[in-house]
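Structure first, commentary second.
Note that the coordinates shown come from a computational prediction; the quantities given were computed from them, not determined experimentally. Letters A, B, ... mirror the listed sequences (proteins, then strands); counts begin at 1. What's counted below: heavy atoms across the whole structure, side chains too, no hydrogens, waters or symmetry copies.
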Amino acid sequence: MNNRELADQFKLIADLLEIKGEVVYKVLAYRKVADSLNNLTQDVNELWKEGRLEEIPGVGKAIAEKIDELLSTGKLEFLERLKTEVPPSLTELLQVPDVGPRKAALFWKELGITDLAGLEAAAREGKLRSLPGMGEKSEARILAGLEALARRGDRIPIGEAWPLAQELLAFLRKLPGVVAAEPAGSLRRMRSTVGDIDLLVASKNPGPVMAAFTGRKDVVRVLASGETKSSVEFANGLRSQIWIHPPERFGTALVYATGSKDHNVRLRELALTMGLSLSEHSFQRKDGSEILCDNEEKVYETLGLQWIPPELREDHGEVQAAKAGKLPRLITHDDLISDLQTHSKWSDGKLSILEMAKAARERGFKLLAITDHTPSLGVTGGVKIEDLARQRAEIDAAQEELGDSIRILQGAEVEIRADGRLDYPDEVLAKLDIVLASVHTSLRQPRDQVTARMIAAIRNPHVDIIAHPTGRLFPNREGADLDLEAVFSEAKKHGVALEINAHPARLDLDDTNARRAMELGILLTINSDAHSPADFDLAFFGVAIARRAWVTPEAVINAWPVEKQLAWLKNRGG
DNA sequence: GCCGTTTTCGGCCCGACTGTTTTCAGTCG
């Protein structure tokens, strides 16, 4: 059982206990452990073997025993018994907006509803409205929520949400009386997926701004509209909400709206120790007087903290680090001066090498690796060995034309075949300037097999980088079941770099794994995987993942001076 | 169920909005 699978068990326990009506703090305790496990930078099995389970945040004696039972036997008696008391399928209902644990319990106990289909049928038959605390409007909201859920599915990739948010922000910023408009929520924290689009507006006159927002043509439903907060749904099922606060309170409001919830709780606890109560409006002293903050820096300063970049605000140690003045200098998009994974017409890219190099140069890159696919990945039209010399000639010609404004490398994204062999023989790899190795197929191999395959690639002396290590694709393809600890240990030993692939459908390594790699001192690389000029800009999302992983520029090859990048490649003997 | 600059018990952040209610529960972030 891996970290995520274990976390799922505890999330299920939390949901079931909540529906059962258990005291809320017990539920929160289980939920916190699920979150801790999901964000753990080590394999929980290692901690378990070393008897260090209680070092995991939120894990005490009782939960440590449950983890022990789950990892030893694969089952948990406590959970099995719980499942006989509350049907597990009831947790489906919690996905529906406006349905929480109390209503789920109500529907189950009064109407025998145990899943989404049952809820929808009952709502359509008008059976919900007569329940205590329910009415026609509540029933209609639940039906609307069910429809939105069906349309939208789950969370959406940040690559889709970000452009939509920019469009909404541009709209808001043009409205009269709007002083500022910023992204908030998981969007601003740059999580790889977001549930809805949160936006914060500064204005002294919120009424007309709210009206303009909720009155947009693409809004199909207004879910809430108040003085400080409104929430709407778009035709595709996506939801967005805005808060509007006066400019002099923008700082506290932005901290609040950005979250995460756990980060906010941490800040509020800290405020209380200083005799202050922190809300989205202000700090309040015990005598009722307020401290207003028009920007975030003032909020953190009042708490005796360094300003914390939004990407770190997950209650993963950032508040403690800020208190000690030890926040890392996070990498930025501007730090990147190379892109080490891109594709040209030689495989599945859209442009010639010269066109790609010009596009890279326009974006300020000084170094570009052309890393086309290899033949076994048939759909990409991989470069045959006999064509590599002609590709080299094209690179030389492009280099000639562009002079020293940008340096172009001949590389390859070499397929790691199902049996662990690479798609080019060593003598061919030896002639390339840079070699990335990656898996695209046979991702469902058993853990041992797929891990061995990856390790074999890392041990090949010509391989410089493992690209998108797990092979995951949003939203539907799970990554390979890799033993990442083993992969990390081997990468460290052989000095092979691991990629944070910036394509929003990949974002692989993810933030949690990238943080673990960083802690282990493994080199990282952030690449766009560009197949067309616009794709170069996707590096932005890769940087976001790196920032969420506390990554500094020193750890990222692409942020090094060109000569250092080239020297690293040369010294690897590739 | 966890946890400790109020420490081994008694707390555990703060508020907006809605709907069904005549003062509040439920949900959400």
(message) Of the listed nucleotides (B:dG29, B:dT27, B:dC14), which one gets closest to any side-chain atom of A:Tyr256?
(response) B:dG29
(request) Decide, yes or no, whether a salt bridge links A:Lys127 with A:Glu125 under the criterion of side-chain N to carboxylate O below 4.0 Å. (result) yes
Sequence neighbours excluded and cut-off under 3.5 Å, please list the side-chain donor-acceptor pairs for residues 172-184 of chain A, or say none.
from: A:Arg173; atom 1: NE; to: A:Ala181; atom 2: O; distance (Å): 3.0
from: A:Arg173; atom 1: NH2; to: A:Ala181; atom 2: O; distance (Å): 2.5

(request) Ignoring backbone atoms, establish whether A:Lys26 has a side-chain N or O less than 4.0 Å from OP1 or OP2 of B:dG1. (result) yes
(message) Between A:Glu248 and A:Lys204, does any side-chain N to carboxylate O distance fall below 4.0 Å?
(response) yes
(request) Test A:Arg124 against A:Glu120 for side chain to side chain contact (heavy atoms under 4.5 Å, CB included), laying out the working first. (result) CA-CA 6 Å; A:Arg124 289 202 188 286; A:Glu120 182 166 1; 2.8 Å; yes
(request) In whole angstrom, give me the gap between the P atoms of B:dG26 and B:dT21. (result) 13 Å
(request) Could you say whether A:Trp243 or A:Phe78 is positioned toward the 5' end of DNA chain B, judged by the nucleotide with the nearest heavy atom to each? (result) A:Phe78
(message) Measuring only the P atom in each nucleotide, how far is B:dT23 from B:dG29? A whole number of Å is fine.
(response) 29 Å
(message) Distance to the ring centre below 6.0 angstrom and angle to the axis at most 45 degrees; does that hold for A:Arg31 and A:Phe10?
(response) no
(message) Please report the distance separating the P of B:dT5 from the corresponding atom of B:dC13, rounded so that it comes out in whole Å.
(response) 16 Å
(message) Base contacts versus sugar-phosphate-only contacts with protein, heavy atoms under 4.0 Å: please encode nucleotides 3-12 of chain B as B, S and - from 5' to 3'.
(response) S--------B
(message) Given B:dG15, B:dG1, B:dC17, identify the nucleotide with an atom nearest to the side chain of A:Glu227.
(response) B:dC17
(message) Using a 4.0 Å heavy-atom cut-off to protein, can you give one letter per nucleotide of nucleotides 18-23 of chain B, 5' to 3': B if the base is in contact, S if only the sugar-phosphate is, - if neither?
(response) SSS---
(message) Could you check whether A:Glu18 pairs with A:Arg102 (Lys NZ or Arg NE/NH1/NH2 to Asp/Glu carboxylate O, under 4.0 Å)?
(response) no
(message) Students often get this wrong, so: under 4.0 angstrom with heavy atoms, is A:Ser277 touching a base, only sugar-phosphate, or nothing?
(response) sugar-phosphate
(message) Please give the distance between the P atoms of B:dT6 and B:dG1 as a whole number of Å.
(response) 27 Å
(message) For A:Tyr30, does the six-membered ring have the charged nitrogen or CZ of A:Lys11 within the cation-pi criterion, i.e. under 6.0 angstrom from the centroid and within 45° of the normal?
(response) no
(message) Please report the distance separating the P of B:dT7 from the corresponding atom of B:dC12, rounded so that it comes out in whole Å.
(response) 14 Å
(request) State, yes or no, whether a side-chain contact exists between A:Val255 and A:Cys293 at a heavy-atom distance under 4.5 Å. (result) no
(message) Tell me whether the side-chain N/O atoms of A:Lys66 come closer than 4.0 Å to OP1 or OP2 in B:dG1.
(response) yes
(message) Taking only side-chain N and O atoms of A:Thr228, does any of them lie within less than 4.0 angstrom of OP1 or OP2 on B:dC17?
(response) yes
(message) For the C1' atoms, the ones on B:dG10 and on B:dC17, what distance do you get once it is rounded to whole angstrom?
(response) 32 Å
(request) Taking only Lys NZ, Arg NE, NH1 and NH2, and the carboxylate oxygens of Asp or Glu, determine whether A:Arg52 and A:Glu55 approach each other closer than 4.0 Å. (result) yes
(request) Under a 3.5 Å limit for both distances, which nucleotide forms a Watson-Crick or G-U wobble pair with B:dC28, could you say? (result) B:dG15
(message) Taking any heavy-atom pair under 4.0 Å as a contact, classify A:Leu28: base, sugar-phosphate, or nothing.
(response) nothing
(message) Please tell me if A:His281 has a side-chain N or O lying less than 4.0 Å from either OP1 or OP2 of B:dA16.
(response) yes
(message) Given B:dG15, B:dG1, B:dT27, identify the nucleotide with an atom nearest to the side chain of A:Lys103.
(response) B:dT27
(message) With rounding to the closest Å, how many angstrom separate the C1' atoms on B:dA16 and B:dC9?
(response) 34 Å
(request) Name the nucleic acid region contacted by A:Val222, choosing base, sugar-phosphate or nothing; use a 4.0 angstrom heavy-atom cut-off, strictly under. (result) nothing
